[in-house]
Amino acid sequence: MALIGLTTNGMKIVSMVVTGPTSYTTGGWSVSVPELSKIFALNVSIRTNLKVANYVHVVDYAYSGNTITFTVYRIDVTATAPAAWSEVPAGTDISALTLEVIAIGF
């Protein structure tokens, strides 16, 4: 994590790289931003995506206080229509997933 700047009203801008867990937990995994006590704005982009045969993945996120919770969903692109998004199963190794996070707050 790195403090990369301040806004004109004194909020901190923090950059960090987050890696997925080796054993995914249903409901996602949480990461705190110790430089901040409250996040007001957040930008998450995928640096390294999961590359698993037959699946496309997306990452959803929510934040509260200084904690971000990431939830990963997948869709089987070889399934017969209609295909549906589903959360990655518990215990799945998603450590190949790397996210770039920019958080703004106090």
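- Of all non-hydrogen atoms in T69 and G27, the two that sit nearest each other are CG2-O, 3.8 Å.
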Check the pair E87, T26 against side-chain hydrogen bond (donor to acceptor under 3.5 Å, both in side chains), reporting the backbone distance first and the verdict last. CA-CA 8 Å; E87 189 173 359; T26 300; 5.3 Å; no

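- Listed for the N54 side chain is no donor-acceptor partner under 3.5 Å among the backbone atoms of V77.
- Under the 3.5 Å distance criterion, the side-chain polar atoms of Y24 are matched with a main-chain donor or acceptor of V72.
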CA sep, side-chain torsions, deciding dist, call: S95, T19, side-chain hydrogen bond (donor to acceptor under 3.5 Å, both in side chains): CA-CA 6 Å; S95 60; T19 301; over 6 Å; no

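- Residues L50 and I75 are members of separate hydrophobic clusters, defined by side-chain heavy-atom contacts under 4.5 angstrom among Ile, Leu, Val, Met, Phe, Trp and Tyr.
- A tilted orientation is assigned to the rings of Y61 and F70, their planes being inclined by 30° to 60°.
- A distance of 11.5 Å separates OH in Y63 from CG in L36, rounded to the nearest 0.5 Å.
- Remark: the backbone N or O of T71 is not paired with any side-chain donor or acceptor of D60 at under 3.5 angstrom.
- A pairwise comparison of heavy atoms in M11 and F106 identifies CG-CZ, 3.3 Å as the closest pair.
- Taking a cutoff of 4.0 Å between a charged side-chain nitrogen and a carboxylate oxygen, E35 and K12 do not qualify as a salt bridge.
- Transitive grouping of hydrophobic side chains (ILVMFWY, heavy atoms separated by less than 4.5 Å) keeps I4 and V17 in distinct clusters.
- Annotation: the span from I68 atom CD1 to S30 atom OG amounts to 9.5 Å, rounded to 0.5 Å.
- Side-chain contact between L97 and T48 is absent, with no heavy-atom pair separated by less than 4.5 Å.
- The backbone N or O of W29 lies less than 3.5 Å from no partner atom in the side chain of T25, so there is not a single donor-acceptor pair.
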